[in-house]
Protein chains: 2
Amino acid sequence: MDCAKTTPVSIQQLKKVCSTCSLRELCLPMGLSPEEIEQLDHLVYTRKRVKRGESLYRAGDPFTSLNAVRTGFFKSTVVLEDGRDQVTGFHMPGEIMGLDGIGTDRHTVSTIALEDSEVCIIPYSRLEELSHKVRSLQSQFHKMMSREIVRDQGVMMLLGTMRAEERLAAFLLNLSQRFGARGYSPTEFNLRMTREEIGSYLGLKLETISRTFSKFQEQGLITVRQKHVRIEDLKGLRRLLGREC
Amino acid sequence: MDCAKTTPVSIQQLKKVCSTCSLRELCLPMGLSPEEIEQLDHLVYTRKRVKRGESLYRAGDPFTSLNAVRTGFFKSTVVLEDGRDQVTGFHMPGEIMGLDGIGTDRHTVSTIALEDSEVCIIPYSRLEELSHKVRSLQSQFHKMMSREIVRDQGVMMLLGTMRAEERLAAFLLNLSQRFGARGYSPTEFNLRMTREEIGSYLGLKLETISRTFSKFQEQGLITVRQKHVRIEDLKGLRRLLGREC
DNA sequence: GGTGCCGATTGATGTGGATCAAAACGTCCT
DNA sequence: AGGACGTTTTGATCCACATCAATCGGCACC
């Protein structure tokens with residue numbers, strides 16, 4: 001039954017992956033019935049390990065499958081012709097990566113593991129097939145893509161109208177909410193990314209991130225020590241977002 | 001046959017809307033066979049007129065249908081709690097609006113006509129039904145959503161890493177490309193939006209837009225007079241994007 | 001054909017975050 | 001344990017764009 005578990009290969013074949021997965025309420029199977037999830041099991045049965053610093057795929061690679069984060073943490077980056085690049089997202093367990101590739105059959109971003117990670121491979125042609133059969137899966141998949149669009153609009157808003165403090169507060173609150181939804185502490189967590197990566201995502205320089213962290217700490221909003229963050233005053237952080245001069 | 005044309009109502013019932021539409025190669029039917037497009041005709045048969053300044057839908061409205069721009073020009077805006085808002089996109093004929101509403105059954109942006117316009121209403125539940133039957137429609141619809149995600153990432157890049165001149169050059173080149181794809185001149189067109197709306201979209205103030213337009217004109221890159229723009233040096237504008245100090 | 005108003009232009013000044021620089025701190029590797 | 005390198009912090013200075021302000025111009029409406 002679980003013969004694969006003992007072989008230390010990077011791609012494993014497992015049974016009943018989605019049905020028994022603790023992330024199923026956050027991931028692709030969200031809102032599906034147990035019978036429907038079982039259908040997904042026939043589709044999503046391959047996992048892949050990605051070591052810290054390794055890429056899952058790179059911009060320009062042919063697109064063949066979506067990837068769900070099983071464990072670990074990823075970042076996605078776009079690169080401009082002149083070499084400038086920007087982090088466009090961070091991905092944690094249960095989140096789907098690779099939606100950008102559907103439109104052109106090629107990935108437009110590079111996705112890199114920020115710690116040793118594991119992803120579930122979702123072959124895209126088979127997902128289309130199955131969602132053609134299972135209405136609720138189709139519907140769920142559409143919602144997922146739509147939410148990605150809304151998320152991106154939120155980031156556009158952040159980059160277009162917010163000041164540095166507001167951006168970082170929004171970022172911390174977003175992480176807090178996502179960790180909380182996954183059963184981790186929403187007020188105490190380790191950042192997996194560097195100050196530079198946070199800055200790139202927020203359209204700021206790493207020095208500004210560092211200074212703003214220090215300022216938040218002075219104000220008693222958070223405690224930071226290296227990558228470890230504890231949110232001391234959630235309401236205070238939220239207040240920063242609701243207009244203040 | 002065309003009895004509806006004589007009644008001056010804002011919602012018209014027409015036959016064969018998609019099959020005979022000149023925009024079909026740019027719009028939802030892109031890549032579908034004539035027979036498949038005919039199936040769409042049963043779905044998309046209602047048009048709606050929206051006068052300049054009127055909203056098609058507002059953030060918070062229940063989501064029931066997507067809308068394809070038939071004629072005219074629209075903008076979408078997000079509003080923050082504190083009242084600050086930002087333009088997240090401009091929409092021209094053949095483009096689909098409302099994808100943001102699928103995820104939550106409510107619109108997250110407000111979409112407003114920038115000139116007297118007409119849209120084709122695409123009832124969403126019926127689109128899901130039909131794309132469940134017609135594989136190529138399903139596939140096409142997924143690509144459309146994915147491209148929207150990629151487009152948004154492009155704007156994030158613009159807002160996160162580009163300077164004012166680069167942003168405006170990218171904006172003009174984008175408009176140029178889209179007008180060109182619709183059979184209009186890619187080098188001479190009328191802006192439908194104000195300097196303030198351009199600024200909001202690009203994360204800049206209206207004065208900066210105005211100054212940068214003037215600078216482009218001095219450099220011989222464009223000629224602007226009010227809303228009328230003529231691109232004099234397409235390559236020069238492109239060069240602005242490929243790094244320059 | 002005026003008149004009023006909104007949008008656009010242009011100038012003067014201010015400032016938030018970038019840039020440059022240096023030191024402190026961690027961590028990984030041998 | 002020691003050394004090297006990458007990350008973070010903090011300070012000093014600079015600059016691109018914001019802000020404030022005044023004028024101009026076009027268009028719609030009496």
Side-chain angles (χ1 to χ4, degrees), chain A residues 51-54 73 75 84-87 112 114-116 158-172 190-219 222-229 240 243-245, chain B residues 51-53 73 75 84 86-87 112 114-116 158-172 190-219 222-229 240 243-245:
Chain A
K51 280 213 155 61
R52 173 184 173 153
E54 285 180 1
F73 214 92
K75 68 167 175 178
R84 278 180 292 182
D85 65 347
Q86 182 171 11
V87 174
I112 294 163
L114 293 178
E115 56 183 43
D116 292 355
L158 179 146
L159 292 171
T161 69
M162 292 187 188
R163 8 183 32 305
E165 287 183 34
E166 295 172 320
R167 295 185 197 189
L168 191 58
F171 176 71
L172 288 172
N190 281 306
L191 300 171
R192 270 69 172 189
M193 67 295 280
T194 65
R195 304 285 190 264
E196 186 166 19
E197 285 162 339
I198 297 173
S200 171
Y201 180 63
L202 297 177
L204 301 167
K205 290 291 157 187
L206 70 98
E207 293 95 328
T208 305
I209 301 300
S210 181
R211 276 185 240 276
T212 309
F213 268 140
S214 301
K215 189 188 256 184
F216 282 176
Q217 180 152 268
E218 280 165 32
Q219 295 172 344
I222 61 172
T223 307
V224 243
R225 172 145 183 88
Q226 296 295 124
K227 307 252 187 214
H228 183 264
V229 173
L240 266 184
R243 195 81 206 106
E244 67 99 49
C245 285
Chain B
K51 279 214 157 59
R52 173 184 172 152
F73 213 92
K75 69 166 175 180
R84 277 180 292 181
Q86 182 171 13
V87 174
I112 293 163
L114 292 178
E115 57 183 42
D116 293 354
L158 180 147
L159 292 170
T161 69
M162 291 188 189
R163 4 175 42 301
E165 287 184 34
E166 295 172 319
R167 294 186 198 189
L168 192 58
F171 176 71
L172 288 172
N190 282 305
L191 299 171
R192 270 70 172 188
M193 66 296 278
T194 65
R195 304 287 190 263
E196 186 166 19
E197 287 162 339
I198 298 173
S200 172
Y201 179 63
L202 297 179
L204 300 166
K205 290 292 157 185
L206 70 99
E207 294 94 330
T208 304
I209 301 300
S210 184
R211 275 185 241 274
T212 309
F213 268 140
S214 301
K215 188 188 256 184
F216 282 178
Q217 180 152 267
E218 281 165 32
Q219 296 173 342
I222 61 171
T223 307
V224 243
R225 172 148 182 86
Q226 298 295 122
K227 307 251 186 216
H228 183 264
V229 174
L240 266 184
R243 194 80 207 106
E244 66 100 50
C245 287

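Reminder, nothing fancy here: chain letters follow the sequence lines and each chain counts from 1.
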>> Taking atom types as they are modelled, would you say the side chain of R167(A) forms a donor-acceptor pair with the base of dG17(C) within the 3.5 Å cutoff?
In response: no
> dC6(C) C1' sits how many Å from E196(B) CD, rounded?
Replying inline: 11 Å
> Which is true for R225(A) with a 4.0 Å heavy-atom rule: it touches a base, it touches only sugar-phosphate, or it touches nothing?
Replying inline: sugar-phosphate
> Hey, does M193(B) have a side-chain heavy atom less than 4.5 Å from the side chain of V87(B)?
Replying inline: no
> To the nearest angstrom, how far is E115(B) atom CD from dC27(D) atom C1'?
Replying inline: 17 Å
> Is there a donor and acceptor pair closer than 3.5 Å between the side chain of R211(A) and the base of dT19(C)?
Replying inline: yes
>> Rounding to an integer number of Å, can you tell me how far R192(A) CZ sits from dT7(D) P?
In response: 17 Å
> Do any side-chain nitrogens or oxygens of K227(A) fall under 4.0 Å of OP1 or OP2 in dG26(C)?
Replying inline: no
> Reckon K215(B) touches a base, only the sugar-phosphate, or nothing at all at heavy-atom distances under 4.0 Å?
Replying inline: nothing
> Which part of the nucleic acid does G199(A) contact within heavy-atom distance under 4.0 Å: base, sugar-phosphate only, or nothing?
Replying inline: nothing
>> Using the side-chain heavy atoms of L206(A), tell me which of these nucleotides is nearest: dT9(C), dC17(D), dT9(D).
In response: dT9(D)
> Does a side-chain heavy-atom distance below 4.5 Å link I209(A) with F171(A)?
Replying inline: no
> For Q226(A) and dT27(C), what is the distance between atoms CD and P respectively, to the nearest whole Å?
Replying inline: 6 Å
> Which nucleotide, dG17(C), dA8(C), dA18(D), lies nearest any side-chain atom of R195(B)?
Replying inline: dA8(C)
> Rounded to the Å, how far apart are F213(A) CZ and dT10(D) P?
Replying inline: 13 Å
>> Between P on dA18(C) and CZ on R163(A), what's the gap in Å once rounded to a whole number?
In response: 12 Å
> Could you state the CG-P distance from L204(A) to dT15(C), rounded to the nearest angstrom?
Replying inline: 20 Å
>> Could you check whether atom NZ of K51(B) has more than 12 heavy atoms from other residues, nucleotides or ligands sitting under 6.0 Å from it?
In response: no
>> Quick check for you: among dT9(C), dA18(D), dT9(D), whose closest atom lies nearest to any side-chain atom of S214(B)?
In response: dT9(C)
> Under a 4.5 Å cut-off applied to non-hydrogen side-chain atoms, are F73(A) and N190(A) in contact?
Replying inline: no
> How do M193(B) and A164(A) order along DNA chain C: which one's closest nucleotide is nearer the 5' end?
Replying inline: M193(B)
> For atom CD of E196(A), is the number of surrounding heavy atoms from other residues, nucleotides or ligands below 6.0 Å larger than 12?
Replying inline: no
>> Taking the nucleotide of DNA chain C with the nearest heavy atom to each, does S210(B) or E207(A) sit closer to the 5' end?
In response: S210(B)
>> Distance check needed: dA12(C) P versus K205(B) NZ, whole Å only.
In response: 22 Å
